Amino acid sequence: MDTYARYPVEFVRGAGTRLWDDEGNEYLDFLCGISVSLLGHCHPAVVEAVRDQSGRLIHVGNLFHTEPPRRLAERLSELSLGGKVFLANSGAEAIECALKLARKRRGGGEFVVLERGFHGRTYGALSATPQEAKQAPFAPLVPGFRAVAPDDPEALYAAVDGSTAAVVVEAVQGEGGIHPLESGLLEAARAACDEHGALLICDEIQCGLGRTGELWGFEHAGIEPDVMTLAKGLGGGLPIGACVAGPAVSGVLQPGDHGSTFGGGPVVAAAANAVLDALEDARPGVKAKGERLRLGLEGLGLEVRGIGLMLAFRTGDGPGLVARALEEQRLVLNATGPDTVRLLPPLNVADEDLDEAVSRIGALL
Ligand SMILES: Cc1ncc(COP(=O)(O)O)c(C=O)c1O
């Protein structure tokens, strides 16, 4: 279907920060499949884990135990909220799990979400994504979603009451244009949820897994959610989603409530375990690398937003600049809207590549 406006480039190979097209041209990738190739293309440990697991067992389904997803769930739980994990195949599916958990727990209830937020394209996730252009053609949506301004902690606090099932937020709004949440917003969300017995769901699908320098985006606000969602970079390029529920709510979903044929298959789970191993080495460098990239871009006179290696700059014609970057500079970037260009390089990007990207952007400008 015509669901994507693709660039006229066909990629055939990738390694680290580099991609090669079918004519042998080399590109510098500062998008990483929108933060999916978190540790660069074809990270050797991920390739090895996939090779090894796919030679032993590819699929048996969720009626049986297998070791890679069990280990992955234990690790994710230990690294975040404690509690339990549901493994799915995508970000939107991780969100669906979180929404279903929250409604079952409250026996119904409403969701409070943020304007400019993005949580995916399935009906529940789309209903949590209050953007007219994305929602309108598909009405009626799932009922019971209420959007508040992302820069108004008091409005958020006031929007939560005893009928709220959950507040759903991204600590750094990614698709909305790399906007770190207003200071005090996550704290207000936490306080409101505590007061009214609602759940705080943090969508860490784009800002989690070390992207902002901390392992989780919510750490910057010093709060902890009740539930969090992961996807994108977790599988090292393979499709995966995860919904982590803290101990107080990890028993809400029971056998028969939710499921997925492919979710948490052994191959993608083995890849994710390799990603978590490699992330331990890469994450300590993220803050300094992010600062180097930010300073480089600011040195070009650009207005930069974001945290860690989740950055964006303002420009007159984002899509035009991105198309020229690809064609003239062989640099892969992305526009989140008409005036914003987003950079999501791998977390283990070399300093020379950061400088090289800045110099290519400088040449374009
Ligand atoms: C914060 C956030 N949530 C959810 C999603 C949806 O993930 P997926 O495309 O894997 O369904 C995305 C994808 O961009 C995202 O950035």
Side-chain angles (χ1 to χ4, degrees), residues 1 3-4 31-38 80 86-102 111 113-131 133-135 138 141-142 145 147 150 166-181 185-186 189 200-212 215-218 220 225 227-244 260 262-265 268 271-272 275 305-312 333-337 340 342-344:
M1 294 187 193
T3 49
Y4 304 102
L31 181 59
C32 290
I34 315 187
S35 195
V36 167
S37 306
L38 197 66
S80 60
F86 178 83
L87 292 172
N89 310 285
S90 67
E93 284 178 68
I95 290 285
E96 297 295 336
C97 178
L99 298 177
K100 283 178 69 175
L101 185 157
F111 293 101
V113 299
L114 296 183
E115 287 163 10
R116 219 171 45 199
F118 182 90
H119 301 288
R121 308 278 194 161
T122 52
Y123 261 102
L126 179 64
S127 304
T129 298
Q131 294 177 35
K134 291 190 171 67
Q135 289 187 337
F138 307 104
L141 300 172
V142 178
F145 286 79
V167 175
V168 188
V169 292
E170 301 157 79
V172 183
Q173 295 183 307
E175 299 305 299
I178 314 290
H179 292 277
L181 285 186
L185 198 117
L186 271 172
L200 177 59
I201 299 172
C202 279
D203 182 345
E204 294 277 334
I205 287 167
Q206 192 163 149
C207 66
L209 289 169
R211 176 65 52 202
T212 65
L215 187 53
W216 313 119
F218 59 74
H220 294 277
V227 174
M228 72 173 206
T229 54
L230 289 174
K232 286 201 181 283
L234 182 59
L238 270 65
I240 192 168
C243 176
V244 185
S260 164
F262 291 115
V268 62
V275 168
R305 282 198 301 269
I307 323 182
L309 284 171
M310 189 173 185
L311 298 177
L333 301 171
N334 172 251
T336 57
T340 302
R342 157 170 67 173
L343 299 97
L344 297 165

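We count ligands from 1, going down the list as the structure has it; atoms in each ligand are counted the same way. These figures come from a predicted structure and were not determined experimentally.
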At a 4.0 angstrom heavy-atom cut-off, what protein residues surround ligand 1?
S90, G91, A92, F118, H119, G120, E170, E175, D203, I205, Q206, K232
Given R211, which partner from the list L38, V172, I307 fulfils the side-chain contact (heavy atoms from CB on, under 4.5 Å) test?
L38
Just to verify, what does V268 make a side chain to side chain contact (heavy atoms under 4.5 Å, CB included) with, not counting sequence neighbours?
L238, I240
Has the side chain of E204 got a donor or acceptor atom that lies under 3.5 Å from a matching backbone atom of G217?
yes
Please check this pair: side chain of E96 against backbone of G124, looking for a donor-acceptor N/O pair closer than 3.5 Å.
yes
Got a sec, which residues hit ring-ring contact (aromatic ring centres under 6.0 Å, His included) with F111, two or more places apart in sequence or on another chain?
F145
Sorted by chain and number, sequence neighbours left out, salt bridge (Lys or Arg N to Asp or Glu O under 4.0 Å) with R342 holds for E175
